[in-house]
Peer 1: 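Structure in structure tokens, see below.
Nothing here was measured: the structure is a model prediction, and the numbers come from that model.
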Amino acid sequence: MENKIVFVTVGTTTFDDLIITVTSDEILHQLNARGYKSLIMQIGESQFVPNCSPRCGFSYIEAFSLKPSLCETMKSADLIISHAGAGSCLEALDLKKPLIVVTNNFLMNDHQVELAKQLCNDGYLYYSTCKNLLELIIKMKLSELKTFPGDKSHAIANVVNKLMGFP
């Protein structure tokens, strides 16, 4: 059987709730039931050390803090679960990867929520909070997601970041 990979990214922020949620036995069991066997997590600036022992049908679980680029890791993923940062979302969509965007209630930026909701309403991704992620994973139909048409997401992300005062 194919070794399907889930990649989770929190960007450069700290979003321990997402990492804790994704590594819960309930979430791992549901992802495994959908054929996923490997979990790779980019945990950003967190001091939290997730349990990376293989379990719940996952043969490989890894966590790392930051890398200069996440492109290769994203390319290898069969599903991406991301924080709501514009750059991460649009990079995943550019790569034509199924995407679940999870908003961070402790680092809430209206533009992030608005972007996630709009892209979800347009059918390009699923949008969730940590609280309802399990329910979403149970019900999601990744084959129904639309392919993101743009190849200009880096330009869009740069404009959004500039407008918001990010480097």
Side-chain angles (χ1 to χ4, degrees), residues 4-36 38-52 56 58 61-67 70-71 73-74 76-146 148 153 156-157 160-161 164 166:
K4 290 171 55 176
I5 299 169
V6 177
F7 175 55
V8 179
T9 179
V10 302
T12 58
T13 66
T14 300
F15 193 0
D16 293 346
D17 285 349
L18 178 56
I19 302 303
I20 291 166
T21 300
V22 169
T23 56
S24 71
D25 287 354
E26 297 85 7
I27 297 279
L28 291 175
H29 280 299
Q30 286 302 319
L31 289 169
N32 182 253
R34 291 177 164 268
Y36 298 99
S38 294
L39 173 64
I40 301 171
M41 300 173 288
Q42 182 269 322
I43 62 171
E45 298 288 336
S46 179
Q47 299 303 309
F48 173 72
V49 179
N51 178 358
C52 291
C56 303
F58 276 76
I61 300 176
E62 171 193 357
F64 63 90
S65 294
L66 299 170
K67 286 184 180 178
L70 298 177
C71 187
T73 308
M74 284 184 159
S76 70
D78 298 288
L79 171 65
I80 296 173
I81 300 174
S82 176
H83 70 121
S88 296
C89 295
L90 294 170
E91 185 171 3
L93 291 172
D94 260 355
L95 292 171
K96 314 287 189 243
K97 297 296 180 173
L99 177 62
I100 299 172
V101 172
V102 181
T103 57
N104 185 345
N105 295 331
F106 299 106
L107 186 67
M108 198 60 71
N109 294 313
D110 287 340
H111 76 281
Q112 291 183 349
V113 175
E114 290 170 15
L115 178 66
K117 283 182 181 177
Q118 186 61 53
L119 290 171
C120 180
N121 290 339
D122 291 344
Y124 298 119
L125 55 79
Y126 285 105
Y127 158 74
S128 177
T129 62
C130 288
K131 184 177 179 180
N132 65 5
L133 184 59
L134 177 61
E135 182 181 340
L136 173 68
I137 290 170
I138 292 169
K139 293 180 179 180
M140 70 182 180
K141 295 180 181 171
L142 297 178
S143 62
E144 293 181 359
L145 289 175
K146 295 178 186 175
F148 190 66
S153 66
I156 294 167
V160 171
N161 285 338
M164 299 312 299
F166 300 133

Peer 1: Under the side-chain hydrogen bond (donor to acceptor under 3.5 Å, both in side chains) rule, what pairs show up with a residue in residues 78-88, not counting sequence neighbours?
Peer 2: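 Pairs touching residues 78-88 that pass the test: His83-Ser88.
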Peer 1: Using 30° and 60° as the class limits, which term best fits the ring planes of Phe64 and Phe7: parallel, tilted or perpendicular?
Peer 2: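 It falls in the parallel class, under 30°.
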Peer 1: Which residues pass the side-chain hydrogen bond (donor to acceptor under 3.5 Å, both in side chains) test with Asp122, sequence neighbours left out?
Peer 2: Gln118
Peer 1: Apply side-chain hydrogen bond (donor to acceptor under 3.5 Å, both in side chains) to Asp16 and list each qualifying residue two or more places apart in sequence or on a separate chain.
Peer 2: Ser46
Peer 1: Could you work out, with side-chain hydrogen bond (donor to acceptor under 3.5 Å, both in side chains) as the rule, every residue matching Lys139, not counting sequence neighbours?
Peer 2: Glu135
Peer 1: What is the minimum heavy-atom distance between Leu66 and Gly11, and which atoms define it?
Peer 2: CD2-O, 3.8 Å
Peer 1: Under the rule for side-chain contact (heavy atoms from CB on, under 4.5 Å), what residues qualify as partners of Lys117, not counting sequence neighbours?
Peer 2: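 Listed in chain order: Val113, Tyr127.
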Peer 1: Of all heavy-atom pairs between Tyr36 and Leu142, which one has the smallest distance, and what is that distance?
Peer 2: OH-CD1, 3.4 Å
Peer 1: What closest approach, in Å, do Thr23 and Asn51 show between heavy atoms, and which atom pair accounts for it?
Peer 2: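 Closest pair (atom of Thr23, atom of Asn51, distance): CG2-O, 4.5 Å.
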Peer 1: Go through the structure and list residues passing side-chain hydrogen bond (donor to acceptor under 3.5 Å, both in side chains) with Thr12, not counting sequence neighbours.
Peer 2: none
Peer 1: Provide the closest heavy-atom pair for Val102 versus Thr129 in the form atom of the first, atom of the second, distance.
Peer 2: CG1-C, 3.7 Å
Peer 1: Looking at every non-hydrogen atom in both residues, tell me the closest pair between Cys52 and Glu62 and how far apart they are.
Peer 2: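 Scanning both residues, the minimum pair turns out to be SG-C, 4.0 Å.
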Peer 1: Looking only at heavy atoms, what is the nearest atom pair of Cys56 and Leu28, with distance?
Peer 2: CB-CB, 3.6 Å
